[in-house]
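Note sheet for the following structure.
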Amino acid sequence: MEGSVQTEQALLEEVRALRDKVAELEQREAAQREENHRIDEFLGLLSHELRTPLTTINGNIQIAKRRLHYLLPDETPATGAHEKLDMLHELLSRAERQVRIQNRMVGDLLDVSRIHHTQIELHAQIVDLLELVRDTVYEIQQATPERELHLEVPDVPEILVGVDAERISQVMSNFVSNAFKYSPTNQPVFVCLEIQKDDAMISIEDRGVGVPAQEQQTIWQRFYQVAGVKTFNGSSIGLGLGLYINKNIIEQHGGGVGVKSTPNQGSTFWFRLPII
Ligand code: ADP
């Protein structure tokens with residue numbers, strides 16, 4: 001009799017201890033959620049604040065470049081003054097490139113806070129993916145003429161998808177700029193558009209550092225970066241947000257993303273979108 005009372009008491013104590021543990025875990029989870037919420041709010045605010053001066057800096061660079069253009073008429077014979085003006089033009093162009101990079105980082109921060117708060121707002125329309133991919137690759141090639149970029153597309157008149165064209169362009173640019181960043185500058189990058197059953201599949205292949213197998217899942221998390229990886233093109237590593245944003249955008253379109261990679265040989269990042 002005494003034994004069964006003792007067992008009952010021990011069980012009750014165990015249940016109480018478990019309940020306390022659950023309550024503690026719930027409290028910790030709520031605190032974590034609150035913390036995440038505050039971080040997202042802070043990121044949203046920070047990116048807005050950072051973007052405003054960047055817009056002004058960019059505007060001033062554009063004005064300065066235009067004024068300089070008038071001081072540098074084509075027919076002027078090259079003089080010492082001309083060379084100095086040329087150098088000023090080059091310095092302004094460099095500043096312009098850096099502002100573009102920073103603008104992109106700020107845009108990424110803003111997107112991340114949007115993903116956590118609501119979702120990125122999509123303005124989906126029926127779009128010819130063939131044209132969108134061609135235009136995006138053309139724009140990237142214009143901005144980085146020093147890199148070899150190849151495009152392969154299927155022999156069909158059009159591929160219709162319901163997407164936010166700007167966002168899909170952003171996803172492609174992110175993947176291609178990573179391919180440029182993490183592969184030697186003398187190596188080419190290949191963009192390939194294919195039709196696979198009901199999906200359009202876009203892959204971006206590089207011959208760079210690759211991603212170790214154990215990191216291929218984690219690189220899609222926000223702020224995650226593979227330790228010890230260096231960039232080849234002199235640009236800063238970034239914030240570890242591009243892949244996270246890409247995954248979110250593509251999944252919101254009902255598609256999927258992935259990577260196949262062999263360390264020191266290269267990577268193929270891909271995303272697919274449902275065809276209409
Ligand atoms: P970021 O490039 O700003 O660090 P991303 O989210 O775009 O952020 O990428 C996360 C990480 O995934 C990178 O830091 C890098 O370690 C790895 N990674 C992304 N793309 C490639 C690639 N093409 N080749 C090798 N590693 C890559």
Side-chain angles (χ1 to χ4, degrees), residues 39-40 43 46-47 50-51 54 97-116 120 133 136-137 140-141 143-144 146-152 167-193 201-252 255-272:
I39 291 176
D40 288 327
L43 286 182
L46 179 75
S47 33
L50 287 176
R51 190 163 257 182
L54 276 181
R97 277 195 294 275
Q98 294 304 317
V99 168
R100 211 182 304 137
I101 291 171
Q102 206 159 335
N103 231 331
R104 194 168 165 154
M105 285 193 198
V106 172
D108 281 357
L109 281 176
L110 200 58
D111 280 350
V112 165
S113 81
R114 280 192 194 126
I115 288 171
H116 261 229
I120 287 180
V133 168
T136 308
V137 166
I140 299 172
Q141 186 71 87
T144 39
E146 69 283 3
R147 291 299 298 245
E148 202 181 318
L149 183 61
H150 297 275
L151 173 64
E152 199 183 311
R167 289 298 186 179
I168 298 304
S169 210
Q170 174 187 356
V171 167
M172 279 188 64
S173 302
N174 265 339
F175 280 130
V176 175
S177 88
N178 276 350
F180 285 161
K181 256 193 326 194
Y182 302 111
S183 68
T185 47
N186 61 355
Q187 291 296 328
V189 168
F190 303 87
V191 176
C192 177
L193 169 61
M201 175 90 167
I202 297 165
S203 52
I204 295 92
E205 183 189 337
D206 67 60
R207 296 182 182 157
V209 292
V211 183
Q214 68 274 18
E215 309 264 14
Q216 289 177 16
Q217 292 290 323
T218 30
I219 48 172
W220 304 93
Q221 292 169 7
R222 71 173 174 168
F223 299 119
Y224 192 86
Q225 298 180 310
V226 178
V229 171
K230 290 192 186 71
T231 63
F232 285 86
N233 60 358
S235 74
S236 55
I237 291 266
L239 298 172
L241 295 176
L243 294 183
Y244 171 76
I245 292 169
N246 280 3
K247 184 172 187 293
N248 269 277
I249 292 178
I250 295 301
E251 286 178 354
Q252 263 198 74
V257 296
V259 60
K260 267 197 295 184
S261 179
T262 311
N264 299 320
Q265 284 187 26
S267 314
T268 303
F269 282 83
W270 57 262
F271 64 96
R272 55 178 176 73

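Read the numbers this way: they start at 1 and go in the same order the structure lists the ligands and their atoms. Below, all heavy atoms of this structure are taken into account, side chains as well, without hydrogens, waters or symmetry copies.
Those atoms of ligand 1 that come under 4.0 Å of a heavy atom in Leu241, given as number and element, are 6 (O), 8 (O). Below 4.0 Å from some heavy atom of Leu239 lie the following atoms of ligand 1, by number and element: 3 (O). Here is the list of ligand 1 atoms found below 4.0 Å of a heavy atom in Val209: 25 (C). Within the listing of ligand 1, atoms 10 (C), 11 (C) sit less than 4.0 angstrom from a heavy atom of Tyr224.
When only interatomic distances are considered, the shortest N/O to N/O separation between Lys181 and ligand 1 falls below 3.5 Å. Distances between N or O atoms of Ile219 and those of ligand 1 include no value under 3.5 Å. Among the atoms of Val211, none of the N or O lies under 3.5 angstrom from an N or O of ligand 1. Residue Gly242 has at least one N or O atom closer than 3.5 Å to an N or O atom of ligand 1. Considering backbone and side-chain atoms together, Gln225 places an N or O closer than 3.5 Å to an N or O of ligand 1.
Arg104 and Ser173 form no side-chain donor-acceptor contact under 3.5 Å, judged by distance and modelled atom types alone.
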Under 3.5 Å, side-chain donor or acceptor atoms of residues 265-272 against the rest of the protein: list the pairs with distances, not counting sequence neighbours.
residue : atom : partner : partner atom : Å
Ser267  : OG   : Ser261  : OG           : 3.1
Arg272  : NH1  : Asp199  : OD2          : 3.4

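Ligand 1 lies within reach of Gly240, whose nearest heavy atom is under 4.0 Å from it.
In terms of heavy atoms, Ile249 sits closest to Gln170 at CD1-OE1, 3.8 Å. Closest non-hydrogen pair, Gly208 versus Ser183, comes out as CA-CB, 3.4 Å.
Here atom 15 (C) of ligand 1 lies nearest to Tyr182 when heavy atoms of Phe180, Tyr182, Phe175 are compared. When the options Leu243, Thr231, Val226 are ranked by their closest heavy atom to atom 9 (O) of ligand 1, first place goes to Leu243.
Heavy atoms of other residues, nucleotides or ligands lying less than 6.0 angstrom from CD of Gln217 number 12 at most. Residue-environment remark: CD (Glu152) stays at or below the threshold of 12 foreign heavy atoms within 6.0 Å.
Salt bridge Asp206/Arg147: absent, no basic N to carboxylate O contact under 4.0 Å.
Relative orientation of the Phe190 and His150 rings is parallel, given thresholds of 30° and 60° on the angle between their planes.
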